[in-house]
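Side chains are part of it too, since the values below use all heavy atoms of this structure and drop only hydrogens, waters and symmetry mates.
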Amino acid sequence: MALTKVQADGINLGDTFAFTGTVSGAGKLLQIRFNRNTTAVSVSDTSTVATAVSHTITPTSSSNKIIINGSIPWFAYASQTVNTRMKLVRDIGGTETDLQTLLIYNTHGSGTLYPYNYNEISFPFLDEPSTTSEITYKLTFNTFTRTGTVYESRTNAYSGGSLLVLQEVSGWVCN
């Protein structure tokens, strides 16, 4: 006769269970990729696009999804206002797709870095790339419509650098 573990408050996840058949609704975390950039990157003109941080991942199935968590600490330095464009970009085989774009208007500094604008921008995103090819994800930034300098990961006590975390998941249903 088989023994049964019954508890009044529910299932104790510390117990060991033997399952047969299929467990539905359970997703799996298949791989995690992490990259951090602590080297300062800057742009001072509207025609240059800088990469704050990037990383690659190769999905094991075309039906899997990629959970992306990224952030860019940035500083604005200008004697006038400066506008900033930040993007989360996916590159598959040289074809880039903008997944998220954030426009930051009217940031400014005094021209001496004090006072200056500082913020940390987050990029959470769930991607469904439908491929098993290598994918490069990157966070980029540039100035637009005004001139000034925007820095990413400028060394100070507030910045831990730009980061990008990529997680491949399977069997996950989004409602």
Side-chain angles (χ1 to χ4, degrees), residues 10-75 83-105 118-144 150-155 158-175:
I11 297 173
N12 180 348
L13 296 178
D15 290 340
T16 301
F17 296 91
F19 290 98
T20 59
T22 303
V23 178
S24 62
K28 291 182 180 179
L29 177 59
L30 301 173
Q31 60 176 314
I32 299 173
R33 300 287 183 257
F34 173 83
N35 193 19
R36 175 173 293 200
N37 175 33
T38 57
T39 303
V41 179
S42 66
V43 291
S44 297
D45 61 76
T46 58
S47 63
T48 302
V49 176
T51 298
V53 64
S54 68
H55 207 28
T56 61
I57 192 167
T58 303
T60 58
S61 170
S62 62
S63 63
N64 293 347
K65 296 169 180 55
I66 307 297
I67 300 171
I68 304 158
N69 286 297
S71 67
I72 301 176
W74 65 274
F75 298 84
N83 299 321
T84 307
R85 177 183 296 115
M86 297 189 180
K87 291 183 180 183
L88 169 61
V89 179
R90 175 184 63 208
D91 183 329
I92 302 174
T95 301
E96 290 190 351
T97 304
D98 295 343
L99 300 176
Q100 280 186 328
T101 300
L102 176 64
L103 304 177
I104 305 168
Y105 291 97
Y118 167 79
N119 208 333
E120 187 152 341
I121 306 301
S122 296
F123 287 87
F125 194 81
L126 176 64
D127 192 21
E128 300 180 54
S130 301
T131 187
T132 56
S133 298
E134 181 181 78
I135 305 168
T136 300
Y137 290 98
K138 56 187 173 180
L139 299 177
T140 67
F141 67 101
N142 69 308
T143 64
F144 70 99
V150 176
Y151 295 91
E152 170 276 335
S153 292
R154 189 171 176 90
T155 304
Y158 306 111
S159 175
S162 290
L163 64 91
L164 197 56
V165 180
L166 309 174
Q167 301 173 43
E168 179 187 7
V169 294
S170 69
W172 199 43
V173 178
C174 301
N175 294 329

Selection residues 130-143 - residue pairs positive for salt bridge (charged side-chain N to carboxylate O under 4.0 Å, His left out), sequence neighbours left out: Glu96-Lys138

Side chains of [X] and [Y], heavy atoms from C-beta outward: is any pair under 4.5 Å?
X      : Y      : value
Tyr137 : Pro129 : yes
Asn69  : Pro124 : yes
Leu103 : Asn83  : no

Contacts of type side chain to side chain donor-acceptor pair (under 3.5 Å), residue [X], not counting sequence neighbours:
X     : value
Ser42 : none
Thr95 : none
Arg33 : Gln31

side-chain contact (heavy atoms from CB on, under 4.5 Å) between Ile135 and Leu166, intermediate numbers included: CA-CA 10 Å; Ile135 305 168; Leu166 309 174; over 6 Å; no

Could you list the donor-acceptor pairs under 3.5 angstrom formed between side-chain atoms of residues 85-93 and any protein atom two or more places apart in sequence or on another chain?
unit_1	atom_1	unit_2	atom_2	d
Lys87	NZ	Asp98	OD2	2.9
Arg90	NH1	Asp127	OD1	2.7
Arg90	NH1	Asp127	OD2	2.9
Asp91	OD1	Gly94	N	2.8

For Pro73 against Ser71, the heavy-atom pair lying closest together: CD-O, 4.1 Å

Report, one line per pair, each donor and acceptor closer than 3.5 Å where one atom sits in a side chain of residues 48-60; sequence neighbours left out.
unit_1	atom_1	unit_2	atom_2	d
Thr48	OG1	Asp45	OD1	2.8
Thr48	OG1	Asp45	OD2	3.1
Thr60	OG1	Asn64	ND2	3.2
Thr60	OG1	Glu168	OE2	2.9

From Phe123 atom CZ to Leu102 atom CG, the distance as rounded to the nearest 0.5 Å: 5.5 Å

Candidate list Asn37, Val43, Thr39, test side-chain contact (heavy atoms from CB on, under 4.5 Å), partner Val41, passing option: Asn37

